[in-house]
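Below is one structure; the comments refer to it alone.
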Amino acid sequence: MAEKVRPVLVLSVPFTDRDRAVVTVVFHSTALRGSAFEVTVGVSFLKTGAFIAQSIATYPVTRAIRKLGSLTDAQLATVEAAVFGWLGKK
């Protein structure tokens, strides 16, 4: 059975040929639980849901399928703050 394709927010900087071709991502979900680590961001290219700061992972860049859109700086900062909170870095 194939893995489910799900939207993610890429939280990585550009890399060079000497670096590993990987990106760190935060998953987006429509199945919400009311957690403090769910960050709701209203954008037209995603269904109603939230980025889950507890669901971060690193994958090879080859797993990326396509870019759906971009967050504003303020929206990105909100997700980053939740991820840092989850990692104990407030």
Side-chain angles (χ1 to χ4, degrees):
M1 186 165 118
E3 287 186 13
K4 181 178 179 178
V5 176
R6 114 177 8 252
V8 298
L9 171 64
V10 176
L11 285 183
S12 293
V13 297
F15 51 85
T16 68
D17 291 341
R18 298 180 90 185
D19 301 315
R20 289 175 174 79
V22 296
V23 292
T24 299
V25 300
V26 180
F27 290 93
H28 185 271
S29 180
T30 57
L32 304 181
R33 298 180 178 190
S35 166
F37 297 103
E38 295 174 349
V39 181
T40 303
V41 176
V43 289
S44 61
F45 54 87
L46 291 174
K47 293 180 181 177
T48 301
F51 289 102
I52 313 301
Q54 292 173 297
S55 293
I56 54 177
T58 300
Y59 290 102
V61 74
T62 56
R63 300 264 315 258
I65 297 171
R66 69 182 176 282
K67 182 176 179 176
L68 298 176
S70 297
L71 300 185
T72 66
D73 289 345
Q75 291 168 326
L76 177 59
T78 303
V79 178
E80 288 174 330
V83 170
F84 293 153
W86 170 245
L87 297 174
K89 303 288 183 186
K90 291 188 178 194

Check: Val8 and Tyr59 side chains under 4.5 Å, non-hydrogen atoms: no
Shortest non-hydrogen separation from Arg33 to Glu38 and the atoms involved: N-OE2, 2.7 Å
Asp73, CG: over 12 other non-hydrogen atoms inside 6.0 angstrom: no
For the student: nearest non-hydrogen atoms of Arg6 and His28, plus distance: NH1-O, 3.2 Å
Fellow cluster residues of Val41, listed by chain then number, with links counted only when side-chain atoms sit under 4.5 Å apart: Leu9, Leu11, Val26, Phe37, Val39, Val43, Phe45, Leu46, Phe51, Ile56, Leu68, Leu71, Leu76, Val79, Val83, Trp86, Leu87
Atom pair CG (Asp19) and CG (Asp17), whose distance is rounded to the nearest 0.5 Å: 8.5 Å
Ser12 side chain vs Thr24 backbone, donor-acceptor pair below 3.5 Å: yes
